[in-house]
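Along the sequence shown, residues carry numbers from 1.
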Amino acid sequence: FWAFAWPGSQAMARLILDEPHRVAGRQVLDFAAGCGLAAIAATRAGAASVEAAEIDPLALAATRLNAALNGVTVIALEGDVVGRPG
């Protein structure tokens, strides 16, 4: 799930990059982040903070690597965040 960019993640990243006002200055959660594509786009679009939640440790590793390669900071949250206090 993390080894390639899912079409939904690509579409979300494209929307964020085309319309950065949607995330600029906001806190963003990329839920089921996969490789972190949408999280990286949100960071580049000026989000105040970006968290990427994922249950797969390999996907989180890919998110961390992709964020580093793109020179952005993404907070990686491992495990099921549904119902977890924010």
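Atoms CD1 and CZ, from I16 and R44 in turn, are 13.0 Å apart once rounded to the nearest 0.5 Å. Distance check, rounded to the nearest 0.5 Å: CZ of F31 to CD1 of I55 gives 8.5 Å. Here the straight-line distance linking atom CD1 of I40 with atom CG of N70 works out to 4.5 Å at 0.5 Å rounding. A distance of 14.0 Å separates CZ in R64 from SG in C35, rounded to the nearest 0.5 Å. In this structure, CE on M12 lies 11.5 Å from CG on L17, to the nearest 0.5 angstrom.
E54 places no side-chain N or O within 3.5 Å of a backbone atom of A59 that could act as its donor or acceptor partner.
Nearest heavy-atom pair, A52 versus L60, reported as atom, atom and distance to 0.1 Å: O-CD2, 3.8 Å. In this structure, L37 and A5 approach most closely via the heavy-atom pair CD2-CB, 3.8 Å. Across A42 and V23, no two heavy atoms sit closer than the pair O-CG2, 4.0 Å.
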Next on the checklist: If you apply the rule side chain to side chain contact (heavy atoms under 4.5 Å, CB included), what do you find for T43 with T73, and how did you get there?
Outcome noted: CA-CA 7 Å; T43 302; T73 300; 5.6 Å; no

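Of the candidates I75, V81, D30, V28, E51 forms a side-chain contact (heavy atoms from CB on, under 4.5 Å) with just one, namely I75.
The number of heavy-atom neighbours closer than 6.0 Å to CZ of R14, taken from other residues, nucleotides and ligands shown, is above 12.
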